[in-house]
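Every value quoted in this text rests on a predicted model; they were computed, and no experiment measured them.
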Amino acid sequence: MFTVLVATSIMGLVTVGILFNNDSTQGSFGYNLTVFIILFATLLFANFAEAVAEARGKAQVDSLRKTREDTPAKKLEGNKIVIISSSMLSKGDIFECVAGDIVPSDGEIIEGLASIDESAITGESAPVIREAGGDKTSVTGGTNVLSDRIVVRVTSSAGESFLDKMIALVEGASRQKSPNEIALTILLAGFTLVFVIVCVTLKPLAEYTSTAITVASLVSLFVCLIPTTIGGLLSAIGIAGMNRALSANVITKSGKAVETAGDIDTLLLDKTGTITIGNRKATAFHTVDSSREKEFVEACLCSSIADQTPEGKSIVELCEAKGYKVDNVKLEGCRWIDFTAQTKCSGVELRCGTAIVKGASTTIKELVEAAGSQYPALAEKFTTLIAENGGTPLVVSKDNEVLGVVELQDIIKPGIKDRFERLRKMGVKTVMVTGDNALTAKYIAVKAGVDDFIAEAKPEDKMEYIRREQSQGKLVAMMGDGTNDAPALAQADVGVAMNSGTQAAKEAGNMVDLDNDPTKLIEIIEIGKQLLITRGTLTTFSISNDVAKYFAIVPALFMGSIPALAAFNIMNLHSPESAILSAVIFNALIIPALIPLALKGVDYKPIGASALLRRNLLIYGLGGAILPFIVIKLIDMALGLIM
């Protein structure tokens, strides 16, 4: 499309060159100047609109580089701590991290243990415990330390860290052209070539028939015939699509992204924060002794009232929903037990000395058995059942006696299953992508209603899946929120980042969903289909216009030398000069006249491709062929009064 408009601009410059030629065969100065002004205004509009359209959003890696380079590192040099930039760390260097710090580089813990929030990297909201000497000693640059203190040895050389790999993957990603875009380019290039040949052959024909055709007339004819109408309107269509997407609370970086969404075949969705809310919530209480259910729920409430984590708050909410209230008298003088990576549990010690704690099943089991008590078999059963259902068990004990198990679950966003079914009916395959194990992934996939899932997925796995689908001629959309989703968002034809996601994810995608709704793509697909239909109808109209203008102008030019062409001069135009000028004026008026239709769009109705083609040919094809004859004749009549 850009090539077409550049060629048109060159033709306009040729017109400038002939304006000041006083040879009578070139026409009058006033005539040439009038033609040039109209041509220049048309070309200026078309090229400016195209420049706006080509301002496409591309995947950026600035946030990833900023995280890698600007994170401060507490490097240990003997007994001293030196604050340096993370980019200055080398393999083998040792640094320290405490609660609230960002891990500056990939490394291995050599001292201490800590709770680490890896959600910015993995997309998983649940903190993980990393400790020296265990099977989970590695930490990743860019993650957050939530508690305690660790000493880490850098294990990656420059260019080999996780963030470096993400940067390389994002930079290596590229979006393909959609089939509609390729088809439109071929169509318009083909028509442009045809009309170039037509205009070039007219000069020898004019000399052979002794017909006076000026260079200005040829240039004007060429500009009128090539598809400048659709070229000038494509950007308006794209901007309108971006505006409609914004009304659905989706920020898009280009109109092309919205159009491409209309042809999406496969949708990949990150689980945490996209399909699920992102924070685990308490969904049920399982007591090991039904006669002590009240005591168990009250213990859950007391041990969680000071817990400000999403899980702790959800336990309090569930207790209150069951009608339990905080006994402030009972909690007077108590000592809160904060969660640490060492104890791996939290709770409260009441003034009377009663200790209520909650934590992972392995932690509570060790505490109970160390105190000489027996860990209930029913608690083991509940723990296993919850884990098999994709949840997280949290065991609650009182004075080293297990009362029951709290079930924490990733909460599926409301109504998501019905909306996935709607996507399925639109021909879109949904695929959930998660770092969870296959068992948990399958449970969530069935519950959410997706068509397929990829478990234990690495960033490379997501990109490979997308590329495999694209190699089969499919258009792929990706929705995600984590830094690990950035390469896939950059590779996908439509990359939708959640507003709650990392900056790297937002920069890699070409859309940002302000509502964090994974099924928002339904609205975007419908908007995209409307844009495709609008572009198709205006393309049909534009091409019909060009063909009609050809048969309106050429007979008027040659009927003096070739009398047989007079039969085709059905409009009986005033003169060859007025025919050219009328066509140029019509060409200049039709683009702004069609802008309202381009902005409003043609109504989208799922009536099928064949029915849609018949409607376009009847309304816009026939209308585009008839309109130039009528308007050019009216303009010619007006010009006849003053020429």
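By the side-chain hydrogen bond (donor to acceptor under 3.5 Å, both in side chains) test, Arg153 is found to be paired with no residue, residues two or more places apart in sequence or in another chain being considered. By the side-chain hydrogen bond (donor to acceptor under 3.5 Å, both in side chains) test, Ser361 pairs with no residue at all, sequence neighbours left out. With sequence neighbours left out, the salt bridge (Lys or Arg N to Asp or Glu O under 4.0 Å) criterion links Asp451 to Arg424. Considering only residues two or more places apart in sequence or on other chains, Thr540 meets the side-chain hydrogen bond (donor to acceptor under 3.5 Å, both in side chains) condition with none of them. Contacts of Ala455 classified as side chain to side chain contact (heavy atoms under 4.5 Å, CB included), with partners at least two apart in sequence or in another chain: Ala438, Ala441, Phe453. For Glu108, the side chain to side chain contact (heavy atoms under 4.5 Å, CB included) partners two or more places apart in sequence, or in a different chain, are Thr137, Thr155. When the salt bridge (Lys or Arg N to Asp or Glu O under 4.0 Å) test is applied to Asp515, the partners found at least two apart in sequence or on another chain are Lys520. In this view, Ala282 and Ser314, Ile315, Leu318, Val406, Leu408 satisfy the side chain to side chain contact (heavy atoms under 4.5 Å, CB included) rule, not counting sequence neighbours. Annotation: side chain to side chain contact (heavy atoms under 4.5 Å, CB included) contacts of Lys74 (sequence neighbours excluded): Ile81, Ile83, Glu96, Val98, Asp101. Every residue meeting the salt bridge (Lys or Arg N to Asp or Glu O under 4.0 Å) condition with Lys75, not counting sequence neighbours, appears here in chain and number order: Glu77, Asp93. Applying the side-chain hydrogen bond (donor to acceptor under 3.5 Å, both in side chains) rule to Tyr465 yields the partners Lys429; only residues at least two apart in sequence or on another chain are considered.
Atom-to-atom distance recorded for Leu532:CG and Ile237:CD1 is 9.5 Å, nearest 0.5 angstrom. Taking CD1 of Ile524 as the reference point, atom CD of Glu259 lies at 13.0 Å (rounded to 0.5 Å). Taking CD1 from Ile129 and CG from Leu113, the interatomic distance works out to 6.5 Å, rounded to the nearest 0.5 Å. Expressed to the nearest 0.5 Å, how far CG of Asn249 lies from CG of Asn499 amounts to 9.0 Å. To the nearest 0.5 Å, atom CG of residue Leu385 and atom CD of residue Glu407 are 7.5 Å apart. Within the model, atoms CD1 of Ile444 and CG of Asp410 stand 5.5 Å from one another, a figure rounded to the nearest 0.5 Å.
Listed for the Asn510 side chain is a donor-acceptor partner under 3.5 Å among the backbone atoms of Gly495. In terms of modelled atom types and a separation under 3.5 Å, the side chain of Ser247 and the main chain of Arg244 share a donor-acceptor contact. No donor-acceptor distance shorter than 3.5 angstrom exists from the side chain of Ser542 to the backbone of Leu538, with no hydrogens or angles considered. A donor-acceptor pair under 3.5 Å is absent between the side-chain atoms of Asp493 and the main chain of Leu475, judged by distance alone.
Nearest heavy-atom pair across Ala497 and Lys506 is CB-CA, 3.7 Å. The two residues Ala477 and Ala492 make their nearest non-hydrogen contact at C-CB, 4.3 Å. Closest non-hydrogen pair, Ala114 versus Ile150, comes out as CB-CG2, 3.6 Å. Taking all atoms of both residues into account, the shortest heavy-atom contact from Pro72 to Pro104 is O-CB, 4.0 Å. Of all the heavy atoms in Met478 and Ile466, the pair that sits closest is CB-CD1, 4.3 Å. Here the shortest heavy-atom pairing between Ala245 and Thr252 reads CB-CG2, 3.8 Å.
Under the 4.5 Å side-chain criterion, counting only non-hydrogen atoms from C-beta, Ile275 is in contact with Val450. Residues Ser105 and Ser156 meet the side-chain proximity criterion, which asks for heavy atoms closer than 4.5 Å. Contact of the Glu421 side chain with the Lys417 side chain is not registered, since no non-hydrogen atoms from C-beta on lie closer than 4.5 Å. Residues Met479 and Met498 form a side-chain contact, since some pair of their non-hydrogen atoms from C-beta on lies under 4.5 Å apart. Looking only at side-chain heavy atoms (C-beta outward), Leu269 and Val431 stay at 4.5 Å or farther from each other.
Ion pairing of Glu526 with Arg422 is present here, as a side-chain N (NZ or NE/NH1/NH2) and a carboxylate O approach within less than 4.0 Å. Contact check on Lys281 versus Glu311 returns no salt bridge, with no Lys/Arg side-chain nitrogen under 4.0 Å from an Asp/Glu carboxylate oxygen.
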Step-by-step side chain to side chain contact (heavy atoms under 4.5 Å, CB included) determination, Phe95 to Val103: CA-CA 9 Å; Phe95 62 85; Val103 178; 4.1 Å; yes

Take Ile525 and Leu423 through the test side chain to side chain contact (heavy atoms under 4.5 Å, CB included) and record every step on the way to the result. CA-CA 9 Å; Ile525 287 175; Leu423 279 170; 3.8 Å; yes

Please step through side chain to side chain contact (heavy atoms under 4.5 Å, CB included) for the pair Lys425 and Phe420, ending with a clear verdict. CA-CA 9 Å; Lys425 290 179 179 177; Phe420 282 151; over 6 Å; no

Evaluate side chain to side chain contact (heavy atoms under 4.5 Å, CB included) for Ile116 paired with Val145, printing each intermediate quantity in order. CA-CA 5 Å; Ile116 309 289; Val145 179; 3.9 Å; yes

Take Glu460 and Arg467 through the salt bridge (charged side-chain N to carboxylate O under 4.0 Å, His left out) test and state the conclusion after the steps. CA-CA 11 Å; Glu460 299 90 336; Arg467 285 172 173 166; over 6 Å; no

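Partner Val476 forms a side-chain contact (heavy atoms from CB on, under 4.5 Å) with one of Asp265, Val494, Leu268 and no other, that one being Leu268. Each of Ile110, Val154, Leu89 was checked for a side-chain contact (heavy atoms from CB on, under 4.5 Å) with Ile94, and the lone residue meeting it is Ile110.
At a cut-off of 3.5 Å, with distance as the only test, no side-chain donor of Gln472 or Gln470 sits close to an acceptor on the other residue. In this structure, a donor-acceptor pair under 3.5 Å is present between the side chains of Thr266 and Glu469.
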